[in-house]
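Note that the coordinates shown come from a computational prediction; the quantities given were computed from them, not determined experimentally.
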Amino acid sequence: MKRVSHLLAVATVCAACTAPSSSTPAPQSLYAPSWAALNETVHGRLFRGTPFAAPCFDGDGAACSALRAGYTDEWTRASAAGAWINTQWETCQATGEQCLLSDGGAGTFSDGSTCEQGSVPDYFIDVRDPGDAAAGFAFARETGLPLVIKNTGHDYKGRSSAPGSLGLWTHNLKNISLEADFVPEGCSEKADGVEKVVIVGAGAQWADGYAFAEENNLTLVGGSDRSVGMAGGWLQGGGHGLLAPAMGLGVDRVLQYRVVTPDGTYRIANLCQNADLFWALRGGGGGTFGVVIEAAILASPRVPLQTVTVVVPAGNKDLSRQLWSVMVANGVQWAEQGWGANAMSNVAVYVNPVLTKEEAAESMAPFIEFGEKLTAAGVEGVKVVLAEVPSWGTFFAAFSTAHVAAVGNSLALASRLINRDNFATSEDQRALVDALLAADDATPGLIILATTPVAFPSAGEDTSVTPLWRESIYHITVVSPWEVNASIEEKQAHYDLASASINNLRRITKHGAYSNEADVNEPEFETSFWGDNYAALLSIKQKYDPEGLLDCWQCVGWKQDDDRFRCYL
Ligand SMILES: Cc1cc2nc3c(=O)[nH]c(=O)nc-3n(C[C@H](O)[C@H](O)[C@H](O)COP(=O)(O)OP(=O)(O)OC[C@H]3O[C@@H](n4cnc5c(N)ncnc54)[C@H](O)[C@@H]3O)c2cc1C
Ligand SMILES: *[C@@H]1O[C@H](CO)[C@@H](O)[C@H](O)[C@H]1NC(C)=O
Ligand SMILES: *[C@@H]1O[C@H](CO)[C@@H](O)[C@H](O)[C@H]1NC(C)=O
Ligand SMILES: *[C@@H]1O[C@H](CO)[C@@H](O)[C@H](O)[C@H]1NC(C)=O
Ligand SMILES: *[C@@H]1O[C@H](CO)[C@@H](O)[C@H](O)[C@H]1NC(C)=O
C-alpha cells in the first residue's frame, strides 16, 4: 500500500511543521507542504480522487443509479475526474485492486467486492489557470509525489493515471474562440496560408470544436471520436482524422501553444519563441513537456465533402478479402487525391474535401464496379453509396452516431503504420491484404484508417512525429478486449494477443506506429513513435523538465523502473 504511505509521509512531516517555533523562523521553503496549503494556493480547487464507481460500493442508491446510467457513456466518463474510457487504467492491473462494477454497469449490481483506489490519483487539482498547474509542479517537487496530467481519460496506454499520484485535471479549460488575424506572439506577421485560427482550451473536446466550426462556417481537422480532447494528448501526439490526408495531421495545423513547464513558468511556444518546445509539442506526446493550457489551431473554410460508403455482408472472409483488395489496389491513388477512410472487414467509409462530385465518382469507379460485379453475381446486401454532404459537421453527426467505440470496458490495443512501399506491386498488395486478414482473424475488429497526411504539402521536419507518418498510406489498429472479472494472467494474455496480431503487419512493414494508439509493449518504442527525432526530443525534455517531474509510459525520457508504473503488467 505505497499510496497510503506516501500520504502519511506528507501528513507526518506537515504535522511537525504546522507550528514552527517562533524564535527560529525557518525559510518558507524548508516547511514541508500540506494538502491544505496546496488547496489554498489553488483557491480551493483541490479535491480527492474518487474511483468513478465508488457510490455503488458506498451503498448510495441514488448516486449509484446515476452512475450506472452513464457507466458506458463517453461523455459521462470523460467528464468525471475518476473515470477513464478504458477501465483498466482506473485499476492496479498488477495487483487486481479495482473499483469496477462486476456486471459492467448492465445488470443488477451486487457482489462482495470492495472499492479500491487502483490507479486513480489520490488528489486532483481542477486546473483553471496557469497558476494551478504551477502549484502542482511545486508540490510534486517538494513532496516527491508523482504527477499525472488528465484531460478526458481516453488514453489507450494509461498515461493519464498513476497510483498514489496528484492529478492535474485540465477538463474544465473549455474556452473556444476565433481569431481572424492571428499572428503568433513574438512573430512579426501571419504565417503563410493562415486565414482564421481557433484558440482552444486544453479541455475542449472535438464535439465542441466541430459545433463551433459549424456555427462559424469553418472546417477543423480533428479526430473521429466526439469526446477526445482537442489540445491534450490527441494534438501533442499527432492527431489523425478522416480529413488528414488532404488537410494534415493535428500537429501540422497547430500554430501556438500556451504551456506551463515544470519550472512553473507559463510559456508561449511557437515558431518565434521557445521553438524547440513548440516542435516537441508537435508530436512528442502529452504528459511530457508541460501542462498545455491552450492551443491555436488552423481553421479552414467550410467546404462540402464527397462521401462513399461501401457495405458487404458481415462475417464473410472472401468478401472481406475482395473489399480490402480493392482498397489496397487503389490505396496510394486515393490517398493522393485526398480521400480519408475508416474501414473494417465489411464496411468502408471514404471522405474527400477537395474533389467535386464528378471527380469523386470518377475516382471511385473501382468501388462502383466492385459493387456492380457482386450484385450481378447474386450477392445480396451489397451497397455502394456516393453522396455529397454540405460540411464536415453534417458528415460527422451521422458518422459518429454509427461508429461509437466501446466505452467503460478494458482492452489491449496495437497498431502499425503501413508504408507506401507495401502498395508498390500486386505481390506487395497481396501480402498486405493477407497480413490484414491474418490480423483480423487473430483479433476481430481490425480498423483500417486512411488518415495519414499523404496529400498535405507540409514540411514534415516542423513536427516531431515519426517521419514515417508522411510515407504511410494506412494506420491500422487491432484490439483485444477482456471481461471485468479477467484474472491477471488473462489480461496479460490479451496484451500478448494484441501484440501477436499486429506482428502480422510488423513482419512486412517499416518500424513505425502512432504513439497515441499503440501497443503498450511496443518494441523499440523510441524509433517506432519518433524515428530519428527521438534524440532531439530527449534533449528538449531534459532542458524543460530536468528533474523528470512528468513521466509516462513509453513517453520521451521514460524511466520504466519508477514506482509510478507499478500497476502495469
Ligand atoms: C474511442 C477513442 C477514439 C479515438 N480516436 C482517435 C482519432 O480519431 N484520432 C487520433 O489521433 N486519436 C484517437 N484516439 C486516441 C487519442 O488521441 C488518445 O487517446 C489521446 O491520448 C487522448 O488525449 P486526451 O487528452 O483526450 O486524453 P487523456 O487520457 O486525458 O490524456 C492523454 C495523454 O495526454 C496527456 N495530456 C492530456 N491533457 C494534457 C494537457 N493539457 N497538457 C499536457 N498533456 C496532456 C496526458 O497526461 C496523457 O499522457 C482515440 C481514443 C479513443 C479511446
Ligand atoms: C479545498 O478547499 C475547498 C474550498 O474551501 C473545499 O471545498 C475542499 O473540500 C478542499 N479540498 C480538500 C481536498 O480538502
Ligand atoms: C475563458 O473565457 C472567459 C470569457 O471570455 C475569460 O474570462 C477567461 O479568462 C477565459 N479563460 C481562459 C483560461 O482563457
Ligand atoms: C455562414 O454561412 C451562411 C450561408 O452562406 C451565412 O448565412 C451565415 O451568415 C454564415 N455565418 C457566419 C457566422 O459567418
Ligand atoms: C467471467 O464472467 C463470465 C460471464 O460474465 C464467465 O463466463 C466467466 O467464466 C468468468 N470468468 C472468471 C475468470 O471468473
Residues [X], [Y]: salt bridge by 4.0 Å N-O rule:
{"X": "E483", "Y": "K491", "result": "no"}
{"X": "R566", "Y": "D563", "result": "yes"}
{"X": "D122", "Y": "R48", "result": "no"}
{"X": "D263", "Y": "R141", "result": "no"}

Could you check whether the rings of [X] and [Y] sit parallel, tilted or perpendicular, using 30° and 60° as the cut-offs?
{"X": "F278", "Y": "Y257", "result": "perpendicular"}
{"X": "W35", "Y": "Y123", "result": "parallel"}
{"X": "F399", "Y": "F395", "result": "parallel"}
{"X": "W482", "Y": "H494", "result": "tilted"}
{"X": "W169", "Y": "H171", "result": "parallel"}

How about C64 and C56, are their SG atoms within less than 2.5 Å of each other?
->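 Yes - the two cysteines, C64 and C56, have SG atoms within less than 2.5 Å of each other.
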Compare all side-chain heavy atoms of [X] with those of [Y] and state whether any distance is below 4.5 angstrom.
{"X": "V198", "Y": "L218", "value": "yes"}
{"X": "Q98", "Y": "E90", "value": "no"}
{"X": "I293", "Y": "L173", "value": "yes"}

Is it the case that more than 12 heavy atoms not belonging to E547 sit under 6.0 Å from its CD atom?
->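 Yes.
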Any idea which heavy atoms bring P262 and L550 closest together, and the distance?
-> CG-CD1, 4.3 Å
Test salt bridge (charged side-chain N to carboxylate O under 4.0 Å, His left out) applied to R128 and D132, step by step = CA-CA 7 Å; R128 301 289 180 133; D132 293 342; over 6 Å; no
